[in-house]
Amino acid sequence: MSQEVLDTLNILGKMGWAIALHGGAGDIPINIPAERREPREASLRRILQIGVSALNAKSSALDVVELVVRELENCPHFNAGKGSVLTSNGTVEMEACIMDGSSKQCGAVSGVTTVVNPISLARRIMEKTPHIYLAFDGAEAFAREQGLEIVDKNHFITPENIERLKQAKEANRVQQDYTQPIKLENQNVPDGDSKLGTVGCVAVDNLGNLAAATSTGGLVNKMVGRIGDTPIIGAGTYANKFCAVSATGRGEAIIRETVARDVAAVMEYKGLGLKEAAAYIVDQVAPKGTTGLVAVSPTGEVTMPFNTTGMFRACATEDGFMEVAIW
């Protein structure tokens with residue numbers, strides 16, 4: 001963003017930090033049990049406050065989104081990091097992406113199985129290599145070279161996700177975040193606390209700098225080697241001078257529609273505001289019920305649209321507005 005634009009925004013009194021984060025979108029039933037809903041809401045509220053404190057302390061948007069997504073990865077209630085869902089082989093293959101709006105520098109990673117915080121690996125790829133995207137064995141080797149925290153693969157394999165994979169295999173399907181219990185022979189199969197979701201964060205700091213970060217374990221029962229929208233620049237994650245976007249939902253649909261980049265594109269080329277642009281793009285995604293996103297603009301505007309039943313989400317702005325919501 002040019003200094004001229006920044007000066008104009010300051011004169012208009014429109015500058016101010018803003019932050020939004022999500023814990024996944026999908027078919028979240030209104031009657032989700034309190035013991036599953038409340039820990040997730042509490043985690044979003046706690047982690048949102050961490051981001052707010054960092055922005056108040058003048059941290060950069062890039063540092064804030066990494067910090068917030070690390071916290072979300074460390075929370076077992078969401079489908080990223082510790083809570084990552086399992087592939088058809090019962091393994092974890094995690095993905096993450098981070099992007100700085102002012103420079104368009106970005107880093108992405110796929111197929112990691114031992115890295116505690118894939119989002120920090122994505123940032124190291126952005127800052128310490130000539131590349132944007134590393135995957136599988138090469139990404140694992142680079143994480144070790146960089147001294148990032150590594151654990152045994154079994155660290156990520158929880159009883160809840162073993163049960164969730166069993167459920168998906170019995171139904172012979174790949175599951176998006178927050179799928180409801182599958183009915184087999186007129187019986188509800190226990191879902192193993194399967195209300196999990198991809199995580200992401202977007203932020204704008206006091207200087208008007210934008211950043212986006214997203215992390216995921218992917219889809220339950222996905223094929224080994226499958227790559228979703230999260231690490232693909234312009235699909236699940238994007239930031240430039242117009243907005244920062246983190247998407248969640250069915251990766252294949254989000255990739256086909258280049259969701260995150262298209263929000264920025266209609267702002268730039270159609271002159272739409274952030275909320276109009278995001279709503280327009282989410283409405284265009286087919287099939288319905290596959291997509292949600294969080295986005296911020298350089299003027300501190302926030303939007304969190306979705307075409308699913310619900311999306312675990314939270315946001316805050318410098319003027320004191322704060323929200324944590326699902327439906």
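Worth knowing before you read on, the calculation uses all heavy atoms, side chains too, and leaves out hydrogens, waters and symmetry mates.
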Distance from [X] atom [atom1] to [Y] atom [atom2], nearest 0.5 Å?
X: S102; Y: K241; atom1: OG; atom2: NZ; value: 12.0 Å
X: N209; Y: S103; atom1: CG; atom2: OG; value: 9.0 Å
X: D100; Y: N240; atom1: CG; atom2: CG; value: 11.0 Å
X: T248; Y: F78; atom1: OG1; atom2: CZ; value: 11.0 Å
X: D205; Y: W17; atom1: CG; atom2: CH2; value: 11.5 Å
X: E41; Y: R313; atom1: CD; atom2: CZ; value: 10.5 Å

Check for me, please, whether [X] and [Y] land in the same ILVMFWY cluster - side-chain distances under 4.5 Å, paths through other members count.
X: I227; Y: V109; value: no
X: F156; Y: L165; value: yes
X: V296; Y: V245; value: no
X: V151; Y: F136; value: no
X: L210; Y: M267; value: no

Measure across [X] and [Y] and return the closest heavy-atom pair with its distance rounded to 0.1 Å.
X: P231; Y: E95; value: CD-OE1, 3.5 Å
X: G90; Y: I157; value: O-CD1, 3.6 Å
X: G16; Y: E318; value: CA-OE1, 2.9 Å
X: A25; Y: T308; value: CB-OG1, 3.6 Å
X: P76; Y: K82; value: CB-CG, 3.9 Å
X: V112; Y: A139; value: CG1-CB, 3.8 Å

Please list, chain by chain and in numerical order, all residues satisfying salt bridge (charged side-chain N to carboxylate O under 4.0 Å, His left out) with [X], sequence neighbours excluded.
X: E73; value: none
X: E301; value: none
X: R124; value: none
X: E140; value: none

For [X], is the [atom1] atom crowded, meaning more than 12 foreign heavy atoms sit under 6.0 Å from it?
X: D137; atom1: CG; value: no
X: K128; atom1: NZ; value: no
X: K169; atom1: NZ; value: yes

Residues forming a side-chain hydrogen bond (donor to acceptor under 3.5 Å, both in side chains) with [X], sequence neighbours excluded:
X: N172; result: none
X: S297; result: T299
X: T129; result: none

For this session: Using distance alone, with no hydrogens and no angle criterion, decide if D27 and T309 have a side-chain donor and acceptor under 3.5 Å apart.
Result: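 D27 vs T309: donor-acceptor pair found between side chains.
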
Exercise. If we ignore angles and hydrogens, is there a donor and acceptor under 3.5 Å between the side chains of S120 and E66?
Worked result: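 Looking only at side-chain atoms, E66 and S120 do form a donor-acceptor pair, the distance falling under 3.5 Å.
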
For this session: Start with the C-alpha gap between T230 and T214, add the side-chain angles, then the distance that decides, and say whether side chain to side chain donor-acceptor pair (under 3.5 Å) holds.
Result: CA-CA 6 Å; T230 290; T214 316; 5.6 Å; no

Answer yes or no: is there a side-chain heavy-atom contact under 4.5 Å between [X] and [Y]?
X: L86; Y: I162; result: yes
X: K153; Y: V92; result: no
X: S215; Y: M94; result: no
X: L48; Y: I19; result: yes
X: E252; Y: L219; result: yes
X: I98; Y: T237; result: no
X: M311; Y: V294; result: yes
X: N79; Y: S84; result: yes

Exercise. Does a side-chain N-to-carboxylate-O contact under 4.0 Å join R164 and E160?
Worked result: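 Salt bridge: no.
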
Exercise. Taking NZ, NE, NH1 and NH2 as the nitrogens, is one of them in R46 or E71 under 4.0 Å from a carboxylate oxygen of the other?
Worked result: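 Counted as a salt bridge, because a side-chain N and a carboxylate O are separated by less than 4.0 Å.
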
Is there a donor-acceptor pair under 3.5 Å between the side chain of [X] and the backbone N or O of [Y]?
X: H22; Y: T198; value: yes
X: N307; Y: T291; value: yes
X: K222; Y: E93; value: yes
X: N74; Y: R70; value: yes

For this session: Would you please test I233 and Y238 for side chain to side chain contact (heavy atoms under 4.5 Å, CB included) and show each step?
Result: CA-CA 6 Å; I233 305 301; Y238 192 73; 3.9 Å; yes

Going by atom type alone, with no hydrogens or angles, which donor-acceptor pairs under 3.5 Å involve a side-chain atom of residues 253-263 and a protein atom two or more places apart or on another chain?
{"unit_1": "T258", "atom_1": "OG1", "unit_2": "D262", "atom_2": "OD1", "d": "3.1"}
{"unit_1": "T258", "atom_1": "OG1", "unit_2": "D262", "atom_2": "OD2", "d": "3.4"}

For this session: Apply the test side chain to side chain contact (heavy atoms under 4.5 Å, CB included) to residues C75 and R40: give CA-CA distance (whole Å), side-chain angles for both, the deciding distance (0.1 Å), then the verdict.
Result: CA-CA 9 Å; C75 178; R40 288 163 176 82; over 6 Å; no

Cut-off 3.5 Å, no hydrogens considered: what does the side-chain donor-acceptor table look like for residues 319-327, sequence neighbours left out?
{"unit_1": "D319", "atom_1": "OD1", "unit_2": "T317", "atom_2": "OG1", "d": "2.5"}
{"unit_1": "D319", "atom_1": "OD1", "unit_2": "F321", "atom_2": "N", "d": "3.2"}
{"unit_1": "W327", "atom_1": "NE1", "unit_2": "I28", "atom_2": "O", "d": "3.0"}

Without placing hydrogens or testing angles, list every side-chain donor-acceptor pair under 3.5 Å for residues 269-285, not counting sequence neighbours.
{"unit_1": "E276", "atom_1": "OE1", "unit_2": "G273", "atom_2": "N", "d": "3.3"}

For this session: List the steps, then state whether side chain to side chain contact (heavy atoms under 4.5 Å, CB included) holds for V199 with V69.
Result: CA-CA 7 Å; V199 305; V69 171; 4.2 Å; yes

Problem set entry | Shared-cluster residues of I50, by chain and number - hydrophobic side chains joined below 4.5 Å |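 Noted: I50 shares its cluster with L67.
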
For this session: With sequence neighbours excluded, give me every salt bridge (Lys or Arg N to Asp or Glu O under 4.0 Å) pair touching residues 48-64.
Result: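 Sorted pair list: D63-R123.
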
